[in-house]
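The basis for the numbers below is simple: all heavy atoms, side chains too, and nothing from hydrogens, waters or symmetry mates. Each chain gets a letter, A, B and so on, in the order the sequences are listed, and its residues count up from 1.
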4 protein chains.
Amino acid sequence: MAAQKKITRAEQKALRPIQILDAAFEEFVRCGFAGTRVEDIADRVGVTKGTVYVYFETKEKLFEAMINHFSVPFQELLGITEGLSGSAIDRLLSILGLLYEQIAEDRTTRELTRLVIAEGHRFPDLIDRHHDQFIEPIIAKVDALILEGVASGEFREIPVEFSEIVVAPILTTTVLRLIFDDRRVPTPNKEAFLQAYFDLLLNGLLAKSH
Amino acid sequence: MAAQKKITRAEQKALRPIQILDAAFEEFVRCGFAGTRVEDIADRVGVTKGTVYVYFETKEKLFEAMINHFSVPFQELLGITEGLSGSAIDRLLSILGLLYEQIAEDRTTRELTRLVIAEGHRFPDLIDRHHDQFIEPIIAKVDALILEGVASGEFREIPVEFSEIVVAPILTTTVLRLIFDDRRVPTPNKEAFLQAYFDLLLNGLLAKSH
Amino acid sequence: MAAQKKITRAEQKALRPIQILDAAFEEFVRCGFAGTRVEDIADRVGVTKGTVYVYFETKEKLFEAMINHFSVPFQELLGITEGLSGSAIDRLLSILGLLYEQIAEDRTTRELTRLVIAEGHRFPDLIDRHHDQFIEPIIAKVDALILEGVASGEFREIPVEFSEIVVAPILTTTVLRLIFDDRRVPTPNKEAFLQAYFDLLLNGLLAKSH
Amino acid sequence: MAAQKKITRAEQKALRPIQILDAAFEEFVRCGFAGTRVEDIADRVGVTKGTVYVYFETKEKLFEAMINHFSVPFQELLGITEGLSGSAIDRLLSILGLLYEQIAEDRTTRELTRLVIAEGHRFPDLIDRHHDQFIEPIIAKVDALILEGVASGEFREIPVEFSEIVVAPILTTTVLRLIFDDRRVPTPNKEAFLQAYFDLLLNGLLAKSH
DNA sequence: TATGAATGAGGATTCATTCAT
DNA sequence: AATGAATGAATCCTCATTCAT
């Protein structure tokens with residue numbers, strides 16, 4: 001509390017938009033775009049409606065800014081995947097593990113996914129950017145790794161369209177958690193899930209003798 | 001057309017609520033619950049706002065009725081899966097194929113999924129019912145089939161948590177089509193998709209020599 | 001009062017927009033476009049804000065509709081001037097007399113003039129229409145009559161640009177009454193004013209011997 | 001330009017309110033009192049809203065100060081008319097010429113007239129002062145000159161109420177330029193206008209033989 | 001059953017004004 | 001003197017809902 005007193009006017013100003021974006025995230029997640037009241041966002045920050053409009057022209061602009069703001073960590077993930085080394089298998093599993101942490105486990109990205117699904121119609125640009133910056137690069141990455149693994153003999157010959165299927169369990173976990181919100185679905189055990197996921201992914205269902 | 005002329009007043013009366021539910025589906029899908037105007041639903045039917053309120057007490061009740069109305073075909077699917085015969089593999093793939101048709105290919109179910117994800121917070125009962133009637137039975141079915149296949153030697157020993165992973169590609173396809181709405185993602189080729197999906201599911205990624 | 005009871009729903013509906021336009025006139029005159037509150041217009045009619053929006057999409061559209069509505073009598077005046085007969089002098093003086101009644105004496109047209117002057121910037125279309133339908137035809141009419149009078153020997157040879165000068169006392173009276181609003185300027189005596197106006201117009205200031 | 005560099009802080013301080021009044025004039029003319037935003041005035045000066053409030057307590061006070069500020073040149077005109085010499089005719093025409101220049105040709109006075117017409121209701125004191133300081137003295141001056149001309153035999157016997165009619169073309173030109181704002185009405189030719197105006201004023205419309 | 005005029009609470013947005021820096 | 005963040009009352013407009021016909 002004493003520390004808070006030290007916040008200068010300048011620091012406060014730099015902080016304000018972040019506070020508003022954080023509050024906007026919570027409210028938009030809770031009520032959707034149309035259902036959210038700007039006043040509730042303001043209340044959450046502890047300011048008045050007018051203050052929100054000092055920083056963001058309209059509710060739409062605020063929504064877009066909020067999406068952009070919270071997309072940053074996801075973008076950083078894509079950078080990390082560049083630095084991986086090891087066999088194609090190792091790198092593929094590493095990437096899938098990171099994706100799981102980022103998409104399925106991280107509440108922010110999970111809820112961002114909800115907003116993308118729910119509000120996409122109203123914000124087509126958002127969808128396009130989401131596709132170009134997230135979906136496309138990830139699919140391309142997985143595609144490339146599979147091809148590399150096939151070339152090196154680690155993987156058997158398979159169609160490139162597999163990529164979506166390969167990552168599917170991650171998005172599915174995300175969506176099921178979004179729908180059942182820790183109420184009907186227990187918080188999944190990461191280790192057990194990844195182990196089962198990777199086991200099935202690598203070996204398939206069939207009995208070896210089959 | 002001639003047949004339509006014969007619609008009596010009584011039939012017309014019975015038709016009205018269906019027409020309203022159809023229109024409500026389109027509008028709620030397009031704009032979400034909060035963003036939809038009752039008047040737009042009425043316009044779509046060609047009646048006035050008041051008429052909607054003759055049949056449905058409130059916008060919320062209309063939304064719920066609409067969800068229930070369009071959930072029926074999905075419920076029928078569960079019945080069909082009971083009648084399958086053949087090996088565990090055959091029945092599993094049959095079920096996955098049917099699920100794909102029902103969830104990923106059928107626009108109605110797909111959009112219903114969007115609404116469940118988007119509006120779940122506001123309609124917890126809807127979510128609970130959705131879980132009890134759809135998710136739970138399907139997971140149970142897949143679980144049972146896998147156990148059966150393991151028992152019969154068709155499948156290798158695997159954890160039960162696999163079920164979600166096994167059906168994941170179907171929900172993932174659904175969600176991606178919801179997000180990119182036939183704009184960025186080409187309408188997928190069913191045969192190619194299922195073949196790749198089943199191939200990976202049964203055999204995994206690894207080269208046989210591995 | 002008893003008569004009012006007889007107003008049917010249909011009659012009421014036909015009446016409502018007129019009532020709103022009347023109320024809008026008073027409020028826009030009193031406060032200008034920006035200064036008028038839609039709620040004050042509604043209050044004047046005895047309905048709620050929402051009702052105004054049942055009939056007029058926006059405050060701007062209401063303003064424009066109001067201007068059009070109250071411009072009708074003025075347009076009718078233009079028709080009347082067509083039916084005049086007599087010498088050029090007689091017809092010119094008749095027209096000027098009618099214009100005086102319509103523009104300077106009639107409160108509605110007078111206040112319409114205030115709005116045209118005050119709000120012209122915001123409603124350029126209104127100004128253009130005002131010019132094409134009122135100013136242009138009147139100037140043309142006076143021009144034609146002067147030329148006719150010159151041809152018949154009633155008037156001396158004068159430039160056509162006189163028309164504005166000829167009608168000037170009417171607009172000036174209007175504007176002065178607008179500015180001083182029956183407070184500082186006594187309600188003018190029509191007979192005396194027209195007599196002086198026409199005397200000066202026909203004979204000029206100079207002593208005859210001059 | 002070099003001179004401007006020399007502006008001291010003290011001079012700058014003295015300049016600020018003038019700059020604000022100038023900016024206020026443009027904005028109030030453009031949007032009216034209610035439609036003008038204090039921030040737009042500040043932007044025009046290149047300062048922030050707060051600065052405007054350093055010099056003027058409220059938007060209303062600023063409006064009134066602006067009107068007073070721009071009324072000064074008009075007041076000076078009244079002084080000039082005192083120094084005229086020559087026949088009554090000469091002096092009358094000189095005054096009318098000066099009035100034309102000041103009211104009809106000078107944009108500032110013209111737009112001041114717009115504001116008086118548009119905002120008079122809201123600022124009755126302004127109207128009263130305008131009447132006492134401008135209209136009254138001018139009418140009195142013209143009255144006096146006409147009486148003098150009648151006495152000297154230059155003018156024929158006419159009622160005093162003529163004064164308004166005599167100056168009418170000037171106010172009319174002003175108002176028409178306000179309404180049609182150099183768009184529909186060509187910038188008038190001063191010489192031609194005054195010649196026609198004075199010709200009609202002195203001689204009237206009638207053919208001499210009449 | 002159907003209408004649609006009317007409501008009125010609610011929500012987005014604006015803007016004059018204040019005040020700590 | 002100047003700033004500009006913050007306020008909050010005001011105002012436009014929307015829309016779910018009602019109800020007399």
Side-chain angles (χ1 to χ4, degrees), chain A residues 8-10 12-17 34-42 45-62, chain B residues 9-10 12-14 16-17 34-42 45-62, chain C residues 8-10 12-17 34-42 45-62, chain D residues 9-10 12-14 16-17 34-42 45-62:
Chain A
T8 66
R9 173 72 53 116
Q12 174 68 291
K13 184 190 168 174
L15 218 53
R16 223 0 72 92
T36 290
R37 292 150 26 92
V38 173
E39 186 154 25
D40 286 341
I41 295 173
V45 180
V47 296
T48 59
K49 264 181 303 187
T51 303
V52 174
Y53 284 93
V54 169
Y55 294 92
F56 301 94
E57 279 180 70
T58 63
K59 192 171 131 176
E60 288 209 7
K61 293 253 177 77
L62 171 56
Chain B
R9 213 156 296 178
Q12 167 72 355
K13 190 186 303 190
R16 210 23 56 99
T36 290
R37 292 149 28 94
V38 172
E39 185 156 26
D40 285 341
I41 294 172
V45 179
V47 298
T48 59
K49 268 185 299 186
T51 305
V52 173
Y53 283 91
V54 169
Y55 295 94
F56 302 93
E57 277 180 71
T58 64
K59 189 171 142 181
E60 288 209 8
K61 294 247 174 81
L62 171 55
Chain C
T8 66
R9 174 70 55 117
Q12 174 68 292
K13 182 192 167 172
L15 218 53
R16 214 18 55 101
T36 290
R37 292 150 24 94
V38 172
E39 185 154 27
D40 286 340
I41 294 173
V45 180
V47 297
T48 59
K49 261 179 310 184
T51 304
V52 174
Y53 285 93
V54 169
Y55 293 92
F56 301 94
E57 278 179 69
T58 63
K59 193 169 129 176
E60 287 210 7
K61 293 252 176 76
L62 172 55
Chain D
R9 213 157 293 179
Q12 166 70 354
K13 190 188 300 189
R16 213 16 61 95
T36 290
R37 292 148 29 92
V38 172
E39 184 156 25
D40 285 341
I41 294 173
V45 180
V47 297
T48 59
K49 268 186 297 187
T51 304
V52 174
Y53 283 90
V54 169
Y55 295 93
F56 302 94
E57 275 181 71
T58 65
K59 190 172 143 181
E60 287 210 8
K61 293 248 174 81
L62 171 55

5' to 3', nucleotides 12-17 of chain F under a 4.0 Å protein heavy-atom cut-off (B base, S sugar-phosphate only, - none) gives BBBSBB

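C:Tyr55 meets the side-chain contact (heavy atoms from CB on, under 4.5 Å) test with C:Lys13, C:Arg16, C:Pro17, C:Ile20, C:Thr51; sequence neighbours excluded. Considering only residues two or more places apart in sequence or on other chains, A:Glu57 meets the side-chain hydrogen bond (donor to acceptor under 3.5 Å, both in side chains) condition with A:Lys61. For B:Glu60, the salt bridge (charged side-chain N to carboxylate O under 4.0 Å, His left out) test picks out no residue, with sequence neighbours left out. For C:Lys49, the side-chain contact (heavy atoms from CB on, under 4.5 Å) partners two or more places apart in sequence, or in a different chain, are C:Glu39.
Pairs of Watson-Crick or G-U wobble type, with distances under 3.5 Å, assemble into runs of 3 or more in DNA chain F at these ranges: E:2-21 with F:2-21.
The residue among C:Gly46 and B:Val47 whose nearest nucleotide of DNA chain E is located toward the 5' end is B:Val47.
When every heavy atom of C:Val52 is checked against every heavy atom of C:Ala42, the shortest pair comes out as CG2-CB, 3.7 Å.
Residue D:Phe56 contributes atom CZ, which lies 15 Å from atom P of E:dA16 at whole-angstrom precision. Rounded to whole Å, atom P of F:dG4 lies 17 Å from atom CZ of A:Arg16. Counting to the nearest Å, the C1' atom of F:dG4 and the OH atom of A:Tyr55 are 9 Å from each other.
Within the 4.5 Å cutoff, no side-chain heavy atoms of A:Leu62 are placed close to those of A:Val38.
In this structure, the nucleotide among E:dT7, E:dA2, F:dT3 sitting nearest to the side chain of B:Thr51 is E:dA2.
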